[in-house]
Trainee: 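Got a structure for you, questions after.
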2 protein chains.
Amino acid sequence: MITIKDVAREAGVSVATVSRVLNENGYVGEETKKKVLKAMNSLNYSPNEVARSLYKRESKLIGLLLPDITNPFFPQLARGIEDTVNQSGYRLLLGNSDEELEKELDYIQTFVQNNVVGMISATNHVDQNIYDALQIPLVLLDRTTDQYPSVYSDGREGGRLAARTLVDKGARRVTLMKGPAHVKPAQDRFKGAVDVLSDADIDFSVLATTSYSFEDAKGWAEELFQKYPNTDGVIASNDIVGIAIIHEALRLGKRIPEDLQIIGYDDIPQSSLSYPPLSTIRQPAYEMGQAAAELLLQTIKKEPGIETKIEMPVEFIERDTTRKE
Amino acid sequence: MITIKDVAREAGVSVATVSRVLNENGYVGEETKKKVLKAMNSLNYSPNEVARSLYKRESKLIGLLLPDITNPFFPQLARGIEDTVNQSGYRLLLGNSDEELEKELDYIQTFVQNNVVGMISATNHVDQNIYDALQIPLVLLDRTTDQYPSVYSDGREGGRLAARTLVDKGARRVTLMKGPAHVKPAQDRFKGAVDVLSDADIDFSVLATTSYSFEDAKGWAEELFQKYPNTDGVIASNDIVGIAIIHEALRLGKRIPEDLQIIGYDDIPQSSLSYPPLSTIRQPAYEMGQAAAELLLQTIKKEPGIETKIEMPVEFIERDTTRKE
DNA sequence: AAGTTATGTGTAACCGGTTACACATAACAG
DNA sequence: CTGTTATGTGTAACCGGTTACACATAACTT
């Protein structure tokens, strides 16, 4: 491994001078600078981040904590974050918590031990005050509290939008799927939809689901039609479940959207590829990732007067599982 | 920040003793150990990884380089890796290269600068000898070369299996979709399929695709039916494209699998949720991730006589886009 | 011309761990 | 009872960077 000492020797200067050239700070003579640069080049020097991080008590790493990257909503978030922080030279330490408090705590500890500059968390144990003692900038993503800067979409409004759309488009026996109870944004959507459905002159039933996994999605879809075979409008807890419902409905010979309208949530990439393409409430995942990353970077730089709560718009994406005018 | 010195002072011993307790090596008296443990506990001490990593020239981080986590095949790989390395106390530094050499080099440099213990790479510039100079254990995933340990599935056989299956099930005008030229495993599949199709008494055409992205998938599907409207069997370059083809075929009023059979590749989770569910060649992504992680851990521990090339089985998953007997 | 400020460079302390080495004492062997 | 080995603990060097500080010289001021 080539160290700063090797470069110093090669260039005939002290390590301090090499460090100054490296960081472009302090005074360095023009000629000296050239010599050092040449030495770095010929030795193929790459400064050790760990040493820098130790002295500065701050690495160029950002901790990213997700519930489960296997859920298609999150890869997009992650890319939005990665692409943004990379531009400022930061890299990601990734952790999946599976919504388990213990894993979450473990990852947070790892992040701290590695001197991360900041953290972005899209998990659910924020209410526990596990982040409080930390002196590290934190941005919450896809959820919000008073305490920390956060980027989220208006779940309540998304839920309302879904319900309003379905009612407007003529659904009269609506089934509302409720997402896992411990997933905060899922509850917001649910409440939003209940707001609207309660005020409308229609029947509706609620089906509670306890996970977002692919394996279970098919089961929720089956349960849905067993319990409520006559429903003519489904508000799915997310797009995966929505796609599973399309699947099951077609299997049962229902016509979409004539017999049954379906509306998803998230707008994951595969939603436009289903047949019929899934109408859904879009959360702009990539952009949310970007926004969270930018907010974190601003917090790190201690930029004054930054907006610390960024609410992203939700939007109805009309495709073919809802009726047209 | 609580350091080892604080603990030493609190326990009334030297830092060396604290370190010995921490690492459970060297001699430590029973009583002393208790005192130190108590001090650690009461101060809520968490040792700084960066300092350890500097001295040992080795961190507890593993670099993971993927083409694009947004492609649904990769989150599963990533989880397989993460879940496995976590058991040995390692964490992941994640990078997406988008198959760009420059990003790949950047990430490799970052990994080195952070003293990673090992790297897992699923990207394509392995032929360039960018990994050669590194003194860091490397495992290739989803591709293979002579030089490095690797975990991959038999693409050639997968391609053959897809073609053989389609021919057996009665397709007579097969369209073979060729994946991006720079993606090695895609070429293997292609060649395998060509092997079989060339030997069979059937017509076939080739449609070249240049990306795996969701946005483009729909375009490939459209192009497919414009160029080869009478095809009765499609070997898709992967499941995303396969799902897009189902979508387009249904839109055009084709019956699946009566008029058109489709076979995908990968078996991503959403493939079973399409309608009709997509028949496909399965690569066991999660298990491949696990295997790669285990192989890397063994390499790190310098376990002797380990198998360095692990070929995972491919398997035909029969669903409803191919005809049954 | 003397005083002040700007520029250029090196020495050594520091970041928070790990460990080689020195030293002391206890346990054991013959 | 002395020599050897095992056990327990502390001091200080080390990992590879960054930077406070000291010092020297050059460039301005007035």
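Just so we're clear, the structure is a prediction, and the values are computed from it rather than from any experiment. Below, chain A is the first sequence line, B the second, and so on; all start at residue 1.
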Trainee: Of all the nucleotides listed (D/dG10, C/dG16, D/dT9), which has the minimum atom distance to the side chain of B/Y27?
Mentor: D/dT9
Trainee: So, OP1 or OP2 of C/dG16: does either fall under 4.0 Å of a side-chain N or O from B/T3?
Mentor: no
Trainee: Can A/E49 and B/N114 be counted as having a side-chain donor-acceptor contact under 3.5 angstrom?
Mentor: no
Trainee: How many whole angstroms separate atom CD1 of A/I4 from atom P of C/dC14?
Mentor: 19 Å
Trainee: Output yes when at least one side-chain N/O atom of A/T32 is less than 4.0 Å from OP1 or OP2 of C/dT9, else no.
Mentor: yes
Trainee: What is the distance from CD of A/E58 to P of D/dT18, rounded to the nearest Å?
Mentor: 13 Å
Trainee: What integer distance in Å separates A/Y55:OH from D/dA20:C1'?
Mentor: 7 Å
Trainee: Report yes or no: is the cationic atom of A/R91 (NZ for Lys, CZ for Arg) closer than 6.0 Å to the six-membered ring centre of B/Y107, at no more than 45° off its axis?
Mentor: yes
Trainee: Looking only at side-chain atoms of A/L54, point me to the closest of C/dG16, D/dC21, C/dG8.
Mentor: C/dG16
Trainee: Scan B/V13 against the nucleic acid and name what it touches under 4.0 Å (heavy atoms): base, sugar-phosphate only, or nothing.
Mentor: sugar-phosphate
Trainee: Just to be sure I understand the rule, does B/S53 reach a base, reach only the sugar-phosphate, or reach nothing, if contact means heavy atoms closer than 4.0 Å?
Mentor: nothing
Trainee: If you compare every side-chain N and O of B/Y45 against the phosphate oxygens of C/dG17 (OP1, OP2), does one of them come in below 4.0 Å?
Mentor: yes
Trainee: Tell me, yes or no, whether the heavy-atom count around A/E303 atom CD, taken from other residues, nucleotides or ligands under 6.0 Å, exceeds 12.
Mentor: yes
Trainee: Please check the phosphate of C/dT18 (OP1 and OP2 only) for any side-chain N or O of B/S19 closer than 4.0 Å.
Mentor: yes
Trainee: Would you say B/S59 and B/S53 are linked by a side-chain donor-acceptor pair, where the criterion is simply a distance under 3.5 Å?
Mentor: no
Trainee: From CG of B/N25 over to P of C/dG17, roughly how many Å is that when rounded to an integer?
Mentor: 15 Å
Trainee: Mind checking if B/V18 touches a base, just sugar-phosphate, or nothing, with heavy atoms under 4.0 Å?
Mentor: nothing
Trainee: Starting from P on C/dT9, measure out to NZ on A/K34 and report it in whole angstrom.
Mentor: 13 Å
Trainee: So if I take every side-chain heavy atom of A/R20 and compare against D/dC21, C/dG16, D/dG10, which nucleotide ends up nearest?
Mentor: D/dC21
Trainee: Provide, to the nearest angstrom, the distance between the CD atom belonging to A/E49 and the P atom belonging to D/dG17.
Mentor: 10 Å
Trainee: From C/dC15, D/dG10, D/dT18, pick the nucleotide closest to the side chain of B/K5?
Mentor: C/dC15
Trainee: Is the distance from OP1 or OP2 of C/dT18 to the nearest side-chain N or O of B/N23 less than 4.0 Å?
Mentor: yes
Trainee: Can you tell me the base-pairing partner of C/dA22? Count Watson-Crick or G-U wobble geometry only, both distances below 3.5 Å, and say none if there is no partner.
Mentor: D/dT9
Trainee: So if I take every side-chain heavy atom of B/V28 and compare against C/dT11, D/dT9, C/dG17, which nucleotide ends up nearest?
Mentor: D/dT9
Trainee: Between B/N48 and B/A51, is there a donor-acceptor pair closer than 3.5 Å when you use the side chain of the first and the backbone of the second?
Mentor: yes
Trainee: Test B/M119 against every option in B/L296, B/L61, B/L138 by the side-chain contact (heavy atoms from CB on, under 4.5 Å) rule and name the one that passes.
Mentor: B/L138
Trainee: D/dG10, OP1 or OP2 - any side-chain N/O from B/T17 closer than 4.0 Å?
Mentor: yes
Trainee: Taking OP1 and OP2 of D/dG16, is either one under 4.0 Å from a side-chain nitrogen or oxygen of B/R57?
Mentor: yes
Trainee: Round to a whole Å and report the spacing from CZ of B/R52 to P of D/dG16.
Mentor: 15 Å
Trainee: Return the 5'-most residue of the pair B/G26, B/A51 with respect to DNA chain D, ranking by each residue's nearest nucleotide.
Mentor: B/G26
Trainee: Side chain of A/P47 only, please: which of C/dT18, D/dG10, D/dG17 is the nearest?
Mentor: D/dG17
Trainee: Under the 3.5 angstrom rule, does the side chain of B/S97 hit a backbone N or O of B/E99 as a donor-acceptor pair?
Mentor: yes
Trainee: For C/dT19, does either OP1 or OP2 sit under 4.0 Å from a side-chain N or O belonging to B/K56?
Mentor: yes
Trainee: Rounded to whole Å, how long is the line connecting atom CE of A/M1 with atom P of D/dC14?
Mentor: 18 Å
